[in-house]
2 protein chains.
Amino acid sequence: MRTALEKARKDPESMKARILAAARGVFGEYGFHGTTTRMIAKKVGIDISTLHYHWGDKKDLFEAVILDMNRDLGRELIEVEKSIHGRPLGERMKIAIAMTTDYLFAHPEISNLVLHRYFSKTRHEVNLDFKVTEFTGDIARSMGLTTDPKKTPPQGMLEVLTVMNGIHNFVSGENFFRPMVKLDREEYITMVKETLQFVLIAGFTNREGKELQKV
Amino acid sequence: MRTALEKARKDPESMKARILAAARGVFGEYGFHGTTTRMIAKKVGIDISTLHYHWGDKKDLFEAVILDMNRDLGRELIEVEKSIHGRPLGERMKIAIAMTTDYLFAHPEISNLVLHRYFSKTRHEVNLDFKVTEFTGDIARSMGLTTDPKKTPPQGMLEVLTVMNGIHNFVSGENFFRPMVKLDREEYITMVKETLQFVLIAGFTNREGKELQKV
DNA sequence: GCATGATTCCATCATTTGATGGTCAAAATA
DNA sequence: TATTTTGACCATCAAATGATGGAATCATGC
């Protein structure tokens with residue numbers, strides 16, 4: 001399956017890649033059990049047997065989707081880290097929130113998939129590393145929430161999760177939340193960024209201020 | 001169905017109530033499509049035909065579950081509001097976060113169901129009011145995030161959603177996050193509360209401080 | 001052009017799953 | 001007690017769904 005993924009990545013026009021892209025979207029919207037292989041095949045405009053030919057069974061395809069999504073998310077986080085390197089904490093967070101929010105709104109299926117995996121059980125075990133721990137630790141280090149670069153303390157992990165999940169929530173919940181506030185998409189995205197920056201940053205900068213005072 | 005719900009509420013030992021309780025749990029864990037009527041029936045220890053006899057089809061049962069969960073959540077929010085009434089903002093939020101977190105960790109299927117409805121589509125439309133808008137507005141007013149008690153501005157709604165979802169995330173994602181931080185359940189709950197209070201409150205109290213200075 | 005392998009679809013299967021009819025026992029009612 | 005109503009289960013159905021075999025088609029290298 002690893003090779004299949006690589007093939008799909010090489011040529012985005014290939015059938016493998018088209019199926020993978022469609023699967024990302026549908027699995028994201030409906031979850032694993034809410035998605036049928038027929039739904040994916042229909043979206044691509046092919047027969048289900050073609051789908052199975054390229055990706056094996058439903059679980060294999062799902063795992064490929066997770067790996068693929070994981071890679072994209074990881075790359076984006078690296079981009080973010082590049083952009084914030086060296087700046088003061090408040091600014092780092094502000095930029096990181098804005099960049100990540102924009103990116104995820106452009107690829108909402110990523111947030112969908114992430115949240116599904118957090119909150120939903122699958123009847124048959126899907127065993128995948130998912131890299132969340134790794135990513136979370138990286139972000140924590142990048143935000144200076146830990147001194148030991150090897151392992152992040154629980155507190156730092158939960159703090160990062162609070163921020164990341166705050167973003168995912170508004171991206172993935174757009175269909176639900178946007179009608180509540182009656183904004184068009186652009187306004188919604190802007191207001192989400194402002195709200196997240198307003199709510200999520202102050203705690204961290206306040207703490208840093210206190211620590212600096214001590215010194 | 002309304003009547004069936006009332007019957008179930010009257011006698012928690014009744015078959016209707018037992019099915020409803022089991023359904024809450026299973027729908028919460030696996031989502032609508034991930035749940036089979038057989039899973040629920042098995043959990044109760046009855047035949048599926050008995051389940052259908054009491055609750056009609058799967059969608060009817062699911063809607064009853066949502067209504068039931070909704071009522072419980074609404075009641076809890078009223079309790080919270082009673083406890084925080086009249087206190088200063090920072091304290092209000094601290095207590096509200098602590099109470100709500102404790103309550104939801106004691107009834108995690110509520111968070112599960114809420115998040116599933118936010119983030120997951122259902123193949124066949126389930127039409128339910130879900131009261132989120134109402135609840136969110138109530139909380140916004142209770143937190144003093146709006147001057148007009150009739151309608152809450154989008155900003156206030158998103159701010160409340162940020163906080164509520166922050167809580168739901170850690171409750172519903174316990175199976176995923178707790179192994180990441182290697183804490184036992186009690187430690188995890190304590191640290192979640194501390195983290196949420198740390199991250200989510202400062203923005204609001206900072207702003208209030210600024211507004212007070214202006215006056 | 002032709003042979004070989006890769007790809008796609010059609011037809012079909014087996015299993016899962018939502019749902020129901022009919023039977024029987026228990027409980028309520030007369 | 002006799003009768004009706006309610007509640008539970010067994011057997012079974014129909015549709016949905018994951019999956020596959022095999023034929024047909026297309027592409028590629030010779």
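Numbers restart at 1 for each chain; the letters A, B, ... are given by sequence-line order, proteins then strands. Nothing here was measured: the structure is a model prediction, and the numbers come from that model.
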Participant: Should the pair A:Arg75-A:Asp72 be classified as a salt bridge under the 4.0 Å nitrogen-to-oxygen rule?
Facilitator: no
Participant: Using a heavy-atom cut-off of 4.0 Å across all strands, would you classify B:Ser14 as base, sugar-phosphate, or nothing?
Facilitator: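 No contact.
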Participant: Quick one: A:Phe27 CZ to D:dT17 C1', roughly how many Å, whole number?
Facilitator: 13 Å
Participant: Measuring from the side chain of B:Ile48 (C-beta onward, heavy atoms only), which nucleotide among C:dA19, D:dA8, C:dT17 has the closest atom?
Facilitator: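 Looking only at heavy atoms from C-beta outward on B:Ile48, the closest nucleotide is C:dA19.
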Participant: Please report the distance, rounded to the nearest Å, between NZ in A:Lys58 and C1' in C:dT15.
Facilitator: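 The answer, rounded to whole Å, is 14 Å.
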Participant: With nearest nucleotides of DNA chain D determined for B:Arg18 and A:Tyr53 from heavy-atom distances, which residue corresponds to the more 5′ nucleotide?
Facilitator: B:Arg18
Participant: Taking all heavy atoms of B:Ile97 and all of B:Lys193, pick out the closest pair and write down the distance.
Facilitator: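 Minimum heavy-atom contact is CG2-O, 4.4 Å.
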Participant: Atom CD1 of A:Ile19 to atom P of C:dT7: distance rounded to whole Å?
Facilitator: 11 Å
Participant: Taking OP1 and OP2 of C:dG18, is either one under 4.0 Å from a side-chain nitrogen or oxygen of B:Thr37?
Facilitator: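 Yes, because at least one side-chain N or O of B:Thr37 sits under 4.0 Å from OP1 or OP2 of C:dG18.
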Participant: Want to settle it: does A:Arg38 or A:Ile46 sit nearer the 5' end of DNA chain C, counting the closest nucleotide to each?
Facilitator: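 Checking each residue's closest nucleotide, the 5'-ward one belongs to A:Ile46.
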Participant: Using the side-chain heavy atoms of A:Arg123, tell me which of these nucleotides is nearest: C:dC10, C:dT16, C:dG18.
Facilitator: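 So the side chain of A:Arg123 is nearest to C:dT16.
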Participant: Tell me the interatomic distance from A:His124, atom NE2, to D:dT17, atom C1', rounded to whole angstroms.
Facilitator: 11 Å
Participant: Which one, D:dC10, D:dG18, C:dG18, comes nearest to the side chain of B:His52?
Facilitator: C:dG18
Participant: If you compare all heavy atoms of B:Val163 against all heavy atoms of B:Met93, which two are closest, and at what distance to 0.1 Å?
Facilitator: CG2-CE, 4.2 Å
Participant: If you look at every heavy atom in B:Thr35 and B:Phe27, which pair is closest and at what distance?
Facilitator: OG1-CA, 3.4 Å
Participant: Between C1' on D:dG18 and CZ on A:Phe62, what's the gap in Å once rounded to a whole number?
Facilitator: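 So the CZ-C1' distance, A:Phe62 to D:dG18, works out to 16 Å.
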Participant: Counting heavy atoms from C-beta on, name the nucleotide in C:dT7, D:dC9, D:dT20 closest to the side chain of B:Asp47.
Facilitator: D:dC9
Participant: Classify the nucleic acid contact of A:Ser49 as base, sugar-phosphate or nothing, counting any heavy atom under 4.0 Å across all strands shown.
Facilitator: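 The residue A:Ser49 makes base contact.
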Participant: Could you tell me whether A:Phe119 and B:Phe176 have their ring centroids closer than 6.0 angstrom?
Facilitator: no
Participant: Expressed in angstrom and rounded to an integer, what is the separation of A:Asp57 atom CG from D:dG21 atom C1'?
Facilitator: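 From A:Asp57 CG to D:dG21 C1': 17 Å.
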Participant: Can you check the A:Leu51 CG to C:dC9 P distance for me, whole Å?
Facilitator: 11 Å
Participant: In whole Å, what is the span from the CE atom of A:Met15 to the P atom of D:dT25?
Facilitator: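 It is 17 Å, rounded to the nearest whole Å.
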